[in-house]
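Data block below; observations after.
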2 protein chains.
Amino acid sequence: MMDAKKVTALLRKKGFKVTPQRLAIYNVLCNTKAHPNAEMIFNKLQPYYPTMSLATIYKTIDILKEINLIQIINVGEDSLRYDAVVKSHSHIRCTVCNKVEDIMDFDFTPAIKDVAQRTSYDLSGQQFYFYGVCPECQAKANRKIG
Amino acid sequence: MMDAKKVTALLRKKGFKVTPQRLAIYNVLCNTKAHPNAEMIFNKLQPYYPTMSLATIYKTIDILKEINLIQIINVGEDSLRYDAVVKSHSHIRCTVCNKVEDIMDFDFTPAIKDVAQRTSYDLSGQQFYFYGVCPECQAKANRKIG
DNA sequence: TTTATATTAGATAATAATTATCCACAAAAA
DNA sequence: TTTTTGTGGATAATTATTATCTAATATAAA
């Protein structure tokens with residue numbers, strides 16, 4: 001999570017031009033916890049940037065990923081989601097409403113170390129995904145039955 | 001992992017017809033540790049079933065997944081991989097040669113319980129993916145440098 | 001501020017994995 | 001054997017993502 005000034009500086013430093021579209025896309029990702037995919041970002045910006053195309057979203061995401069401003073989340077849907085929180089953390093998806101939430105402050109270090117030792121791989125990263133029904137959807141289901 | 005007789009019985013029981021193609025596809029998955037995707041299965045069977053189409057692979061996979069004979073693996077590539085081992089286990093992908101290996105007998109139960117408690121989700125499953133360079137590719141890299 | 005130039009946004013087409021459709025035909029039941 | 005229902009394969013459709021092309025724009029230099 002960076003403010004506009006830092007993002008501007010970082011883009012320049014890495015040799016990318018600073019455009020309103022790029023700042024806007026990063027801004028959307030900073031101001032949501034919904035882990036949007038490309039289309040959701042597109043829809044969010046549509047009112048303010050009516051001429052923006054999906055291609056711009058994808059190209060900008062490539063750049064933001066490259067300079068490590070965002071991370072890509074693959075929760076097994078048909079589209080990818082994006083997150084402005086780059087600190088490694090796990091995600092959980094509700095199998096009913098499909099929302100994706102963060103699982104922060106969860107220490108998987110011992111497990112990771114164990115895997116590294118056991119496999120002799122030179123580990124560079126990992127992704128943990130959990131699936132289940134969120135409390136809200138559980139409540140809804142109970143209301144229907146009750 | 002089931003033998004042909006059990007698979008036949010299970011398919012019938014679930015209301016699906018038993019065809020050579022279906023048995024062959026399941027058989028391929030039982031006899032490999034490579035976690036093939038649809039195209040790899042297709043290529044493997046091409047010599048023996050020259051008329052088989054990719055659509056058949058996908059339709060069969062749907063069925064095998066539905067009756068819980070295989071699991072689907074999404075390692076963040078552009079295609080999905082399939083595994084005849086349905087017991088929950090983690091996977092690790094080599095970022096150099098792209099092979100996917102199993103991490104069996106690894107107990108994530110404490111972590112899973114902790115997540116369930118912390119999130120109040122009704123958990124139904126989880127997927128752990130690790131990324132890194134496999135020992136073989138490490139050796140190759142060292143040979144080039146040395 | 002103006003100019004030069006290299007990069008970008010947006011329109012459009014291309015790609016590629018997966019899914020849907022349709023029908024002759026095969027598997028299971030009668 | 002006959003009937004019925006589901007299936008395989010050919011084909012087209014779908015959809016997320018990527019590539020291409022050009023006018024427009026950001027940036028650095030004058």
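Quick note on labels: first sequence line is chain A, next is B, and so on, each numbered from 1.
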Report yes if a side-chain nitrogen or oxygen of R12(A) is closer than 4.0 Å to either non-bridging phosphate oxygen (OP1 or OP2) of dA26(D); otherwise report no. no

To the nearest angstrom, the CD1-P distance between I57(B) and dT7(D) comes to 16 Å

Within the structure, does a side-chain N or O atom of T19(B) lie under 4.0 Å from either OP1 or OP2 of dG8(D)? yes

According to a strict under-4.0 Å criterion, is S53(B) in side-chain N/O contact with OP1 or OP2 of dG8(D)? no

Does dA17(C) have its OP1 or OP2 closer than 4.0 Å to a side-chain nitrogen or oxygen of S79(B)? no

Listed nucleotide nearest any side-chain atom of R22(A), set dA9(C), dA20(C), dA16(D): dA9(C)

Can you say whether the rings of F108(A) and F128(A) are parallel (under 30°), tilted (30 to 60°) or perpendicular (over 60°)? perpendicular

Which of T60(A), T32(A), L29(A) passes side chain to side chain contact (heavy atoms under 4.5 Å, CB included) with I41(A)? It is L29(A)

Would the base of dG8(D) count as contacting K17(B) through its side chain, where contact means a donor and an acceptor less than 3.5 Å apart? no

Which nucleotide in the list dT17(D), dG10(C), dT27(D) gets nearest to the side chain of Y82(A)? dT17(D)

Can you classify the ring geometry of H89(A) versus H35(A) as parallel (below 30°), tilted (30 to 60°) or perpendicular (above 60°)? tilted

Using a heavy-atom cut-off of under 4.0 Å over every strand shown, decide if L80(B) touches base, sugar-phosphate, or nothing. sugar-phosphate

Under 4.0 Å from OP1 or OP2 of dA26(C): is there any side-chain N or O of Q21(B) that close? no

